[in-house]
Amino acid sequence: MEIVIQPTAAAATTLAARLFVKAIRQKPACVLGLATGSTPLALYRELIALNLDWRNVTTFNLDEYVGLSPEHSQSYYRFMQETLFQHVTIDKRNIHIPDGLAEDILKFCADYETRIVEAGGIDIQLLGIGTDGHIGFNEPTSSLASRTRLKTLTPQTRRDNARFFGSEDEVPHHCITMGIGTILDARQCVLLAFGKNKAHAVADAVEGAVRAMNPASALQMHPNMTVFLDEDAASELRLADYYRWVYENKPERAD
Ligand code: GLP
């Protein structure tokens with residue numbers, strides 16, 4: 001796991017964005033795993049500003065709320081359209097987002113896994129982290145081998161995400177999310193976390209034991225994993241100075 005600590009979220013975002021630019025430029029038909037939430041917004045803005053060629057890019061989103069139509073103001077479908085897809089040259093047929101209104105959720109989830117495989121697997125997966133350590137919507141105690149499935153949100157996640165809805169009562173209880181096993185199958189993973197409220201989950205995921213109580217800790221098992229943090233999100237890391245030194249003294253800079 002590579003830990004990159006930057007003075008600001010903007011600086012960390014720019015470095016993370018470079019990995020996605022590289023993926024798209026080196027492999028025009030690459031497969032991107034995408035995330036929602038406030039954390040990746042600036043990264044999407046950076047990608048849009050570069051006017052990259054998205055015509056052959058395929059995307060798979062991590063998750064979606066169950067029961068929200070694509071038009072709902074808080075659906076992740078709408079989030080992705082408004083923050084990224086409407087602004088790039090992607091072919092609509094290459095966009096995949098879990099369907100929160102799927103009638104047969106079990107079948108939908110199995111098909112989603114198949115579609116990822118048929119697309120050739122995810123080349124680079126973008127991730128945020130919940131304050132409880134969730135990735136996608138894999139809440140604590142999710143199986144570390146889980147695949148795309150129906151999950152129930154924890155009260156903490158519903159409280160955290162209430163800020164986007166009118167009230168906590170309006171936050172759905174259920175979601176469809178790629179599993180931790182699905183995420184670990186991506187060839188490369190990139191996790192972004194900013195702000196003090198993420199510091200505990202980040203330290204626990206990076207330096208704690210690999211365990212289902214912190215789903216992001218499973219990323220310790222991934223062979224090509226980079227974590228981009230601002231100083232606040234890095235503030236509880238015991239080995240922060242070591243990570244800084246490692247990054248600043250990399251023999252061959254990847255960026
Ligand atoms: C949601 C999403 C996650 C995201 C997390 C953090 O629950 N399902 O994919 O990482 O929130 O969101 P934010 O970036 O807004 O802190």
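These figures come from a predicted structure and were not determined experimentally. When a ligand or atom number is given, it counts from 1 through the structure's own listing order.
No part of Thr177 comes within 4.0 Å of ligand 1, judged by heavy-atom distances. Contacts with ligand 1 closer than 4.0 Å are made by no heavy atom of Ala35, backbone or side chain. When heavy-atom distances to ligand 1 are checked against a 4.0 Å cut-off, Arg163 comes that close only through its side chain, counted from C-beta outward. With a heavy-atom cut-off of 4.0 Å, Phe194 does not touch ligand 1 at all.
For Arg211, the CZ atom sits in a packed shell: over 12 heavy atoms of surrounding residues, nucleotides or ligands are nearer than 6.0 Å. For Tyr77, the OH atom is loosely surrounded, since the number of other residues' heavy atoms within 6.0 Å does not exceed 12. The 12-atom threshold is exceeded at CD of Gln86, counting heavy atoms of other residues, nucleotides or ligands nearer than 6.0 Å.
Under the 4.5 Å side-chain heavy-atom criterion for ILVMFWY residues, a single connected hydrophobic cluster contains both Val210 and Ile3. Cluster membership for Tyr242 and Val227, using ILVMFWY side-chain heavy atoms within less than 4.5 angstrom, is shared.
Between the choices Gly130, Pro40, Ser38, the shortest heavy-atom distance to atom 15 (O) of ligand 1 belongs to Ser38.
Taking 4.5 Å as the limit, every side-chain heavy atom of Phe228 sits out of range of all side-chain heavy atoms of Thr39. Side-chain contact between Arg147 and Asp185 is present, with heavy atoms from C-beta onward closer than 4.5 Å.
Of all protein heavy atoms, the one closest to atom 2 (C) of ligand 1 is Tyr76 OH, 3.6 Å. The protein heavy-atom contact nearest to atom 8 (N) of ligand 1 is Asp63 OD2, 2.7 Å. Closest to atom 12 (O) of ligand 1, if we only count protein heavy atoms, is Gly37 CA, 4.0 Å. With respect to atom 6 (C) of ligand 1, the closest heavy atom belonging to the protein is Ile129 O, 3.6 Å. Of all protein heavy atoms, the one closest to atom 11 (O) of ligand 1 is His134 NE2, 3.8 Å. Atom 4 (C) of ligand 1 has as its closest protein heavy atom Thr36 O, 4.0 Å. For atom 16 (O) of ligand 1, the closest heavy atom belonging to the protein is Lys198 NZ, 2.6 Å. In this structure, the protein non-hydrogen atom closest to atom 14 (O) of ligand 1 is Thr39 OG1, 2.4 Å.
Under the 4.0 angstrom criterion for non-hydrogen atoms, Gly136 is in contact with ligand 1.
Short contacts between ligand 1 and Gly128, defined as distances under 4.0 Å to a heavy atom of the residue, involve ligand atoms 10 (O). Ligand-side atoms of ligand 1 in range of Asn161: 1 (C), 7 (O), range being under 4.0 angstrom from any heavy atom. Of all atoms in ligand 1, listed by their number and element, those nearer than 4.0 Å to a heavy atom of Phe137 are 1 (C), 7 (O), 8 (N).
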Trace of the side-chain contact (heavy atoms from CB on, under 4.5 Å) decision for Ile176 with Cys109: CA-CA 8 Å; Ile176 294 173; Cys109 293; 3.8 Å; yes
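Aromatic ring orientation, His96 versus Tyr112: perpendicular (interplanar angle above 60°, classes split at 30° and 60°).
The shortest N or O to N or O distance between Thr157 and ligand 1 is not below 3.5 Å.
Glu2 and Lys250 are joined by a salt bridge, as a carboxylate oxygen and a charged side-chain nitrogen come within less than 4.0 angstrom of each other.
Smallest separation of non-hydrogen atoms from Ala203 and Glu236: CB-O, 3.4 Å.
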